[in-house]
Q: 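If you scroll down you'll find the structure; I have some questions about it.
Each chain gets a letter, A, B and so on, in the order its sequence line appears, and its residues count up from 1.
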2 protein chains.
Amino acid sequence: MRSISVFGSTGSIGESTFDLLMRQGGPERYRTVALTGGRNVARLAEQARSLKAELAVIAEARLLPDLRAALAGTATECAGGPMAVAEAAERPADWIMSGIVGAAGLAPGFRALSHGSVLALANKESLVTAGPLLMARARKHGATILPVDSEHSAVFQALLGENLATVEHITITASGGAFRDWPMERLAAATVAEASCHPNWAMGQRITIDSASMFNKALEVIEAKEFFGIDPDRVEVLVHPESLVHALVGFRDGGMIAHLGAPDMRHAIGYALNWPDRAHLPIARLDLARIGSLTFRNPDPARYPALRLAREVMRIGGLAGASFNAAKETALDAFIAGRIRFTDMAAVVEKVLDRLSATGGLGKVPDSIDMVLDIDGQARRIAAETMQ
Amino acid sequence: MRSISVFGSTGSIGESTFDLLMRQGGPERYRTVALTGGRNVARLAEQARSLKAELAVIAEARLLPDLRAALAGTATECAGGPMAVAEAAERPADWIMSGIVGAAGLAPGFRALSHGSVLALANKESLVTAGPLLMARARKHGATILPVDSEHSAVFQALLGENLATVEHITITASGGAFRDWPMERLAAATVAEASCHPNWAMGQRITIDSASMFNKALEVIEAKEFFGIDPDRVEVLVHPESLVHALVGFRDGGMIAHLGAPDMRHAIGYALNWPDRAHLPIARLDLARIGSLTFRNPDPARYPALRLAREVMRIGGLAGASFNAAKETALDAFIAGRIRFTDMAAVVEKVLDRLSATGGLGKVPDSIDMVLDIDGQARRIAAETMQ
């Protein structure tokens, strides 16, 4: 029986993971070592009951009594607080979903790698902020990291049976987000509500706004570079409004392998869950004749300055990814709170990178998660100062 | 040093193969066991000199003295006639290109499989007429058949690292040919010259006309079924006027892997030549942003009756493929000679299949190449009678 743990089980990725686990046999097929959630006690308890989880952890410590009450009469052990979440990652499991959003998801995934099992990595920050640390740890313990992100899962699938040395470029696609076709002069006045409408994907508000600014794509470019260990110049972005082709890999013999599919996160999750097999998944099939056409264009550098900043981050390396991510998070908070304009976000991030570059040490390769969390804190402070 | 032989070396596939062999080191890298050509003595001799071939064979026996004269002073042995071509296939080589067009290409490829080496199969008739025989022989001798056809090479590449049991469909694309957008009522009056203009590929006249009628695609559907051993219902055709996506494979998890590339046969040839590596090839790279859009539509069954006939052939199995191919060849000859109309070709083929079905035995699986050649002859005779 395969043992599994899900970190961030009540979030969007976690719910899809839970859905697939239940469809594929639930507790008859999987031994659930641990489920962790942020605040949604009722849902976490429901999932724990359904999967007969051995451990349920709620990240907000004050909610632990509620979780205990909700799981009374079950064999599920309960725990609360961020340390308990990280400790849950110490429990060995064959397959572990790292689905916690943000910097909080970094430590559990990092710890989980020590089991030498499969880490399904949906937490974007992990590779952006601590890519070399994660990849080295996976190598050391013989763990496998599988990307859970439509674009990176697509690249991973396109590279099956291929040799990275023959790759000329990895191209990830971008819908172009909510403002793809807006006149440039309107961008500065874009509201939070306007930025929160994604043309194709149903996702959380933050990632939807990050799609409009392409900060999300910028993170993905950095992730691709870290995960596939490819030269940054070989990672490209193509605007593809239909969001059906998720990535394309070009080889030195002129051939190109692309991955297509409906915009449904359950594909990437299900792929990671069943890898190296492909199991039947309840996902809409593409009917290309009905769809009619797939369109592509280059991203406009003026509209999407985040892509230029990503190139800069990859050039610097080291702690630049963590700084970039933290500055972006802080700027995004400020935009959502109505304190800065949509177009200010990139300017804030650029200032933070400039400030940290000037003090030196930004290119230093982190040798611990603590170093990453330290620069994350610095970048957030500087970003906040910048916006005062 | 890798030993190679090229059958059909002076044809379109052979010339591209020769070009790649020379670019990749020529006689410094490859030991050329045999080159065979049809009638072009001067070109065959040039190639044999460049590659320092051990044997050169001209299929038209009467041209042997010319070949001898052209290769005087070299160490290249000369031979002439169809039997000499087949005998050349008995000489072991690590890599063998089966590039002879038509039924004449069947025997050399079949014989070459006994060496347990790699057979790069460009001869379409081989799999259509004798698929089970070829595949069984390859298995018996541990030989590898690599498809040299943009669509099948594309499918092969899309399936790298995948398990066929997880495939829901294999879709090969079709440009739609010269008459894709013609009004239906004009088709019957289409001239040979009009049918010989391919929108995307520069190919020979016969295959270009077969593109306009989709008899070429019909053969490819049958080939795909034979080569990949997949249920006929899972092989699909999609009209894709740009001819840049060559094939798509859909998996049961909803993911789809596609192969794209410039319409240049040297990709499939170079892929087969360098497999399992991918070497740098002098092929135009696709710039999807510049291309802008890729379009798709379902083939119109009324415009392309050949696709329906292919389904019928796959349903019958056995000798139906050989009958279909021979009837098609005969009908195509008659169309080119101005003896039947464009739209008569499918009718002739259908009549031949009906006649042979009625006599029974069409579904019999051939146990020798002779059985295949025998039904080929019968089908040609019936087709000729039908057109009198």
Q: For B:L248, is it the side chain, the backbone, both or neither that has a heavy atom under 4.5 Å from a heavy atom of chain A?
A: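 Side chain only.
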Q: Do A:H280 and B:E168 have side chains that approach each other closer than 4.5 Å (heavy atoms only, starting at C-beta)?
A: yes
Q: For B:N274, is it the side chain, the backbone, both or neither that has a heavy atom under 4.5 Å from a heavy atom of chain A?
A: neither
Q: For the interface with chain A, which of B:T171, B:I257, B:I283 has the highest count of heavy-atom pairs at distances below 4.5 Å?
A: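 Sorted descending by pairs with chain A, the first entry is B:I257.
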Q: Can you confirm whether A:N163 sits close enough to B:R278 that some side-chain heavy atom of one is under 4.5 Å from a side-chain heavy atom of the other?
A: no
Q: Quick check: closest heavy atoms across A:G161 and B:L160, and the distance to 0.1 Å?
A: O-CD1, 3.9 Å
Q: Output yes when B:R266 and A:D253 qualify as a salt bridge under the 4.0 Å nitrogen-oxygen rule, no when they do not.
A: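 A:D253 and B:R266: not salt-bridged.
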Q: Distance from B:R252 atom CZ to A:L281 atom CG, nearest 0.5 Å?
A: 9.5 Å
Q: Please identify which of these residues, A:L244, A:V245, A:L286, meets the side chain to side chain contact (heavy atoms under 4.5 Å, CB included) condition with B:M256.
A: A:L286
Q: Out of B:T295, B:T166, B:L288, return the one with the most heavy atom pairs under 4.5 angstrom to chain A.
A: B:L288
Q: Return the option, out of B:L260, B:V249, B:I291, with the maximum number of heavy-atom pairs under 4.5 Å with chain A.
A: B:L260
Q: For B:L238, which atoms come within 4.5 Å of any heavy atom of chain A: side chain, backbone, both, or neither?
A: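 It is the side chain, since no backbone atom gets that close.
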Q: Could you please spell out the steps behind the side-chain contact (heavy atoms from CB on, under 4.5 Å) verdict for B:R285 and A:H169?
A: CA-CA 11 Å; B:R285 299 322 195 229; A:H169 66 85; over 6 Å; no
